[in-house]
Amino acid sequence: MTNATSTAQAARDDLADFQGRLIGPDDPDFEDARAVYNAMIDKRPALIARCADAHDVARAIAFARANDLPLAVRGGGHNGAGLGTCDDGVVIDLSGLKEIDVDPHARTVRVGGGCTWGEVDLATHAHGLATPSGIISTTGVGGLTLGGGLGHLTRKYGLAIDNLLEAEVVLADGRCVRTSADERPDLFWAIRGGGGNFGVVTSFQFRLHEVGTVVGGPTFWDIDQSAEVLSAYREFLPAAPRELNGFFAFCTVPPAPPFPEPLHLRKVCGVVWCHVGSEEDAAQAMAPLLDALPEPLLHGVQSMPHPALQSAFDGLYPAGDQWYWRADFVNDIPDDAVELHARFGAEMPTMKSTMHLYPIDGAAHDVDASDTAWSYRDARWAAVFAGVDPDPANVAEIRTWSVDYSDALHPYSAGGAYVNMMMDEGRERVRASYRDNYDRLARLKAIYDPDNTFRINQNIEPERPS
Ligand SMILES: Cc1cc2nc3c(=O)[nH]c(=O)nc-3n(C[C@H](O)[C@H](O)[C@H](O)COP(=O)(O)OP(=O)(O)OC[C@H]3O[C@@H](n4cnc5c(N)ncnc54)[C@H](O)[C@@H]3O)c2cc1C
């Protein structure tokens with residue numbers, strides 16, 4: 001094959017029984033089909049295989065392997081590093097796999113590998129149920145879950161992977177297998193945190209919990225009060241009941257309702273809350289922090305349906321912005337780190353740039369570090385430093401802020417980072433993020449994907465026999 005168009009044509013010839021769509025650069029909707037969430041990622045695949053079922057996935061894998069082409073797998077397309085696409089290779093696009101089947105009696109939901117969390121939240125909410133995911137509804141179930149899954153319900157119900165019961169996976173050799181605690185438990189261990197390294201998940205089954213209405217929203221203080229607020233928060237959060245999740249944030253108040261006009265475009269620090277329970281219990285749980293601090297600029301906390309909280313950031317962060325991510329796990333936030341946070345928070349370069357500290361304690365700590373591939377069970381927070389802006393002209397500025405900020409805080413980190421919030425940062429960084437679990441992952445990779453067919457991810461290289 002000589003170029004991308006001939007690759008797409010060869011696929012159309014070879015994959016005559018493909019049920020989905022084979023999209024090449026010669027298709028009128030190729031530009032839309034190749035776009036991912038982070039506009040900084042500008043890749044041109046030779047073929048986008050929009051699969052209709054697991055059989056299509058197996059055929060697309062075989063085509064990529066037979067033609068020695070790079071292979072990327074795309075769930076929701078949200079990955080900051082752009083790991084859901086590639087240049088000059090095959091993208092397996094799972095956006096056609098949208099099955100959602102709620103069993104309210106068994107309290108489970110079966111979800112197609114191409115669903116977004118918003119789609120799942122709406123379906124489960126109809127039964128007053130939910131499973132832990134993230135903090136934004138447009139993120140893909142696939143990437144978020146396979147990397148771990150941190151969000152509003154983490155302290156109460158654990159990571160997304162802690163609620164995964166079963167998955168159907170297409171392996172590198174084309175076999176479609178099921179995995180759970182009882183079936184291929186080694187594969188089940190590996191996909192709970194090991195990302196897309198072990199195969200393409202076409203279907204997930206999650207445990208559901210009784211979560212209908214939550215008490216959520218932000219409390220903001222002025223950016224000049226950052227050191228005082230963060231110092232109080234670091235003591236408060238670990239002692240708070242599990243029903244209360246609250247991630248610390250630096251942000252700029254968006255210039256739109258429901259935020260009061262005098263606060264528009266003001267840099268603030270604060271906590272974004274999610275309490276599973278009554279308004280009264282929520283107020284009681286938040287009181288130790290609120291009582292210890294000066295009156296906030298805004299306490300915008302109220303009862304709302306769980307999907308409303310999950311989609312609260314959607315308007316602020318549509319697809320198509322430029323994103324530069326850095327991340328680190330954090331155990332403690334000593335005074336020197338607090339001072340650095342306060343400095344960099346005040347220097348946020350654009351309205352959408354932000355820093356979040358996502359809590360990892362509570363139910364996430366009930367699982368042992370070696371029970372799943374996700375090793376940092378003893379960390380207390382996952383820090384993310386995200387430079388964000390719609391204007392490509394500001395890429396250097398947001399990147400510099402994010403890198404300088406994370407470099408300054410890295411000495412106070414636990415070492416590794418949450419793989420879902422890293423850019424392409426090299427092999428050692430991936431190894432550090434899996435710590436003691438890395439060697440077992442590399443051995444399983446050698447069993448399930450010995451040729452490293454699935455390598456466009458935070459890659460775990462197959463362990464070669466010595
Ligand atoms: C605005 C925003 C908010 C976010 N908030 C959170 C949050 O609250 N909590 C959190 O934990 N993370 C969060 N993330 C990070 C998110 O988890 C990662 O970006 C994740 O990779 C996105 O998954 P995706 O399926 O959308 O991405 P994609 O770009 O489609 O895929 C990402 C990676 O996962 C692999 N993959 C995806 N689906 C499958 C599948 N079905 N089978 C095999 N491999 C697959 C891909 O090959 C790729 O390596 C957020 C990201 C963004 C951009």
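Order of listing sets the numbers, starting from 1, for every ligand and every atom in it.
Ligand 1 places these atoms under 4.0 Å from at least one heavy atom of Gly134: 7 (C), 8 (O), 9 (N). Atoms of ligand 1 lying under 4.0 Å from at least one heavy atom of Ile135, given by number and element, are 7 (C), 8 (O). Atom numbering of ligand 1 starts at 1 in the shown order; those under 4.0 Å from a heavy atom of Val200 are 42 (N), 43 (C). Residue-ligand proximity, Asn457 to ligand 1, at heavy-atom distances under 4.0 Å covers atoms 49 (O). Every atom of ligand 1 is numbered from 1 in the order shown, and the set under 4.0 Å from a heavy atom of Gly84 is 29 (O). Close approach of ligand 1 to Arg74 is summarised as follows: ligand atoms under 4.0 Å from at least one heavy atom of the residue are 30 (O). Near Gly196, with a cut-off below 4.0 Å to any heavy atom, the atoms of ligand 1 are 44 (N). Of all atoms in ligand 1, numbered sequentially from 1 with element shown, those under 4.0 Å from a heavy atom of Trp323 are 1 (C).
For the ligand labelled ligand 1, residue Gly149 lies inside the 4.0 Å heavy-atom shell. Remark: distances from the non-hydrogen atoms of Gly148 to ligand 1 are all 4.0 Å or more. Using a 4.0 Å heavy-atom cutoff, Gly82 is absent from the residues neighbouring ligand 1.
Using a 4.5 Å heavy-atom cutoff, the side chains of Leu165 and Thr108 are in contact.
In this structure, the separation between CD on Glu119 and OG1 on Thr138 is 10.5 Å, given to the nearest 0.5 Å. A distance of 5.0 Å separates CG of Leu244 from CH2 of Trp273, quoted to the nearest 0.5 Å.
Looking at atom 17 (O) of ligand 1, its nearest protein heavy atom turns out to be Asn420 ND2, 3.2 Å. For atom 46 (C) of ligand 1, the closest heavy atom belonging to the protein is Val73 O, 2.9 Å. Of all protein heavy atoms, the one lying nearest to atom 49 (O) of ligand 1 is Ile456 O, 3.3 Å. The nearest heavy-atom contact from the protein to atom 48 (C) of ligand 1 is Leu83 O, 3.4 Å. The protein heavy-atom contact nearest to atom 23 (O) of ligand 1 is Gly143 CA, 3.1 Å. Annotation: atom 10 (C) of ligand 1 to nearest protein heavy atom, Leu144 CD1, 3.3 Å. Remark: minimum distance from atom 16 (C) of ligand 1 to any protein heavy atom is reached at Thr139 CG2, 3.8 Å. In terms of protein heavy-atom proximity, atom 45 (C) of ligand 1 is closest to Leu146 CD1, 3.7 Å.
Any N or O atom pair closer than 3.5 Å counts here, and Gly75 shares at least one such pair with ligand 1. Below 3.5 Å of separation, one finds no N or O of Val141 facing any N or O of ligand 1. Taking any N or O of Tyr418, backbone or side chain, at least one lies under 3.5 Å from an N or O belonging to ligand 1. Where the criterion is an N or O separation shorter than 3.5 Å, residue side chain and backbone included, Asn79 meets it with respect to ligand 1. For ligand 1, none of its N or O atoms has an N or O atom of Phe204 under 3.5 Å away. In terms of N/O distances under 3.5 Å, ligand 1 is approached by Val201.
For the pair Arg155 (side chain) and Leu237 (backbone), a donor-acceptor distance under 3.5 Å is present.
Relative to atom 38 (N) of ligand 1, the option among Ala160, Ala72, Gly142 with the closest non-hydrogen atom is Gly142. By heavy-atom distance, the residue among Met421, Met422, Arg455, His78 lying nearest atom 14 (N) of ligand 1 is Met421. Distances from atom 51 (C) of ligand 1 to the heavy atoms of Tyr37, Tyr358, Trp325 show the closest one on Trp325.
Across Tyr324, Trp325, Phe344, a single residue satisfies side-chain contact (heavy atoms from CB on, under 4.5 Å) together with Ser402, and that is Tyr324. When each of Asp371, Asp162, Asp366, Asp436 is checked for a salt bridge (Lys or Arg N to Asp or Glu O under 4.0 Å) with Arg377, only Asp162 meets the rule. Checked options Arg455, Arg427, Lys445; the residue passing with Glu461 is Arg427 (criterion: salt bridge (Lys or Arg N to Asp or Glu O under 4.0 Å)).
A salt bridge is defined here as a Lys NZ or Arg NE, NH1 or NH2 lying under 4.0 Å from an Asp or Glu carboxylate O, and Arg59 with Asp17 meets this definition. A salt bridge is absent between Arg50 and Asp56; no separation between the charged side-chain nitrogens and carboxylate oxygens falls under 4.0 Å. Taking the charged nitrogens against the carboxylate oxygens, Asp93 and Arg21 have no contact shorter than 4.0 Å, which rules out a salt bridge. Salt-bridge formation is not detected for the pair Asp391/Lys352: no Lys NZ or Arg NE/NH1/NH2 atom is positioned less than 4.0 Å from an Asp or Glu carboxylate oxygen.
Annotation: Trp374 is in aromatic contact with Phe329 [ring centroid separation under 6.0 Å]. Aromatic pair Phe385/Trp401: ring centres not closer than 6.0 Å. Taking the six-membered ring wherever Trp is involved, the centroid distance between the rings of Tyr405 and His341 falls below 6.0 Å. No close placement of the Trp381 and Tyr412 rings is indicated, their centers lying 6.0 Å or farther apart.
Neither the backbone nor the side chain of Phe247 comes within contact range of ligand 1; no heavy atom lies under 4.0 Å. Contact annotation: for Gln458 versus ligand 1, there are no heavy atoms closer than 4.0 Å. Neither the backbone nor the side chain of Asn38 comes within contact range of ligand 1; no heavy atom lies under 4.0 Å. Contacts between Thr85 and ligand 1, counted as non-hydrogen atom pairs separated by less than 4.0 Å, are absent for every part of the residue. Only side-chain heavy atoms of Ile136 come within less than 4.0 Å of ligand 1; its backbone N, CA, C and O stay farther off.
Counting heavy-atom neighbours within 6.0 Å of Glu31 CD, excluding the residue itself, gives a total above 12. For Asp68, the CG atom counts as loosely surrounded, since its 6.0 Å shell holds 12 or fewer non-hydrogen atoms of other residues, nucleotides or ligands.
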- Message: Let's go through Asn452 and Asn459 carefully: what are the C-alpha distance in whole Å and the side-chain angles of both, what is the deciding distance for side-chain hydrogen bond (donor to acceptor under 3.5 Å, both in side chains) to 0.1 Å, and is it a yes or a no?
- Response: CA-CA 9 Å; Asn452 209 359; Asn459 194 230; 2.7 Å; yes

- Message: Apply side-chain hydrogen bond (donor to acceptor under 3.5 Å, both in side chains) to residues Ser370 and Asp368 and explain how you reach the verdict.
- Response: CA-CA 5 Å; Ser370 61; Asp368 199 74; 3.1 Å; yes

